[in-house]
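Below is one structure, written out as structure tokens; the observations come after it.
In what follows, every chain begins at residue 1, and chains take the letters A, B, ... in the order their sequences are listed.
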Protein chains: 2
Amino acid sequence: MPSKRRLNHDAVVEAAAELIDANPNQELTLAELARHLGVRTPSLYNHIGSLDELRQAVAVYGATALGDRLGNAAIGRSGASALAAIAWAYRDFAAARPGLHLATQRAPQADEVELARAAGVILDILRRVLEPFELSETEEIHAIRALRAMVHGFVSLEQAGGFGMPVDLDESFQYLVNMYLAHLAEDSGARVRKPG
Amino acid sequence: MPSKRRLNHDAVVEAAAELIDANPNQELTLAELARHLGVRTPSLYNHIGSLDELRQAVAVYGATALGDRLGNAAIGRSGASALAAIAWAYRDFAAARPGLHLATQRAPQADEVELARAAGVILDILRRVLEPFELSETEEIHAIRALRAMVHGFVSLEQAGGFGMPVDLDESFQYLVNMYLAHLAEDSGARVRKPG
DNA sequence: TTGCAAAACTACGGCCATTAGTTTATACTA
DNA sequence: TAGTATAAACTAATGGCCGTAGTTTTGCAA
């Protein structure tokens, strides 16, 4: 028997995240969320400004959760090992919270501040993990963009059911990660081997 | 002065594609499409079954257009040159028709037949272009998945505004393509160099 | 010229987001 | 412990959307 006065902003955002994880393909509605929370739709407006604002909050929530996971994955590792762990942690996150991962993609324009902060955390993690490879500033950005594109693309296609062939997806993902690490080792190794 | 009896299924689908290209971020509505076509919303139902069915038709239209572009890009090229041309053609397509590219992603479940056909065309193009590398069946699938993931991921992040750093995006894309081609050459080259 | 099929229309129902105004529960104060 | 203020719930209502039913109109074909 739920008493009144039990919701708050975070509880609504987390419930929305659960809802889209349960049904990643259909989009979030306030009506469905209210039903799920045992509340009338207008009551949600005591805690959120609008559906769009809620979507933004969910995106921030997802980006923060993702950053936590990636940061944890990198603890105690360095170099190629850390990069591989991060890549797999990203894929694990998307598998565990598919709706949240999707919601994090659709970038809203306004109120970028919080989302940018969450994205900045992830960027910092990647930068620190790439440090030992001693890339130039430009190369580092290329490398970060490449990693993000590869991992995000693979996971998105996988979740959309875009990979139909009967070959193990884990192996394909490992193939992709290996490609990235080999390229990085080659670039970095070439520089180390040719010091002056 | 538009006369009556001028719409048909293809015209509606193409108008929908134009509409989402003009506004890739907001989703397709029949009301807006009808306004754009100078027609009342129910009139559209003479040519489509439902909004969902229209979305599927737009996805098929987009996948077919993409397949055409990729096929054209590969004409007269082979090996690494063909792969690079295909990657760039994909990115060009997404830049030219951002809404159509997005619509092609969201894979509907039902009526997969037509979409599967369009996807099969693209798969065949990639397979034929990869032939000279003489990969095993499994390696070929890994290679196709990797290419799709990289290109799709880069383009998706680029269009979502996910790349904020001030470094040229063309160069980053080239970095990614080079990584792929180098990996492929190494694998293939290793096999050729070590024949027995 | 006339008839018919298809493509347009009007009218309507149901669901959704959102706003306005009201009631009620909880927490703080005395 | 009793009273009050605040905030969170509610009901009611609006306008937009998709989709259906039934009607009118158009353009082609006989």
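No hydrogens or angles considered: nothing links the side chains of B/H183 and A/Y180 as a donor-acceptor pair under 3.5 Å. For the 3.5 Å distance criterion, the side chains of B/Q174 and B/D170 fail to qualify, holding no donor opposite an acceptor.
B/H36 places its NE2 atom 19 Å from the C1' atom of D/dC17, with the value rounded to the nearest Å. Whole-Å rounding puts the B/L44 CG to D/dT20 P distance at 13 Å. Atom CZ in A/R35 sits about 14 Å away from atom P in D/dC10, given to the nearest Å. What separates CG of A/L28 from C1' of C/dC15 is a distance of 15 Å, to the nearest Å. At whole-Å resolution of the value, CD in A/E32 and C1' in C/dG14 are 16 Å apart. In this structure, A/E27 atom CD and D/dC18 atom P are separated by 12 Å, rounded to whole Å. Atoms CD (B/E53) and P (D/dT20) sit 11 Å apart, rounded to a whole Å. In this structure, B/R40 places its CZ atom 21 Å from P of D/dA21, rounding to the nearest Å.
Here B/R35 pairs with B/E32 in a salt bridge; the nearest charged N to carboxylate O distance falls below 4.0 Å. In this structure, B/E158 does not pair ionically with A/R145, as no charged nitrogen and carboxylate oxygen lie closer than 4.0 Å.
With D/dA9, D/dA12, C/dA8 as the candidates, the nucleotide lying closest to the side chain of A/H47 is D/dA9. Candidate nucleotides C/dA17, D/dC18, C/dA8 were compared by shortest atom distance to the side chain of A/A31, and C/dA17 ranks first. Residue A/P42 has its side chain nearest to D/dC10 when only D/dC10, C/dC16, C/dA8 are considered. When the nucleotides C/dA17, C/dA8, D/dC18 are ranked by their closest atom to the side chain of A/L51, C/dA17 comes out on top.
Nucleic acid contact class of A/T29 (heavy atoms, under 4.0 Å, all strands): sugar-phosphate only. Residue-level contact check: A/T41 touches the bases, meaning some heavy atom is under 4.0 Å from a base atom.
Here the options are B/F154, B/Y90, B/F163, the test is ring-ring contact (aromatic ring centres under 6.0 Å, His included), and the partner is B/F173; only B/F154 passes.
Of the side-chain N and O atoms in B/S43, one or more sit less than 4.0 angstrom from OP1 or OP2 of C/dC9.
Taking 3.5 Å as the limit, the base of D/dA9 and the side chain of A/N46 contain a donor-acceptor pair of atoms between them.
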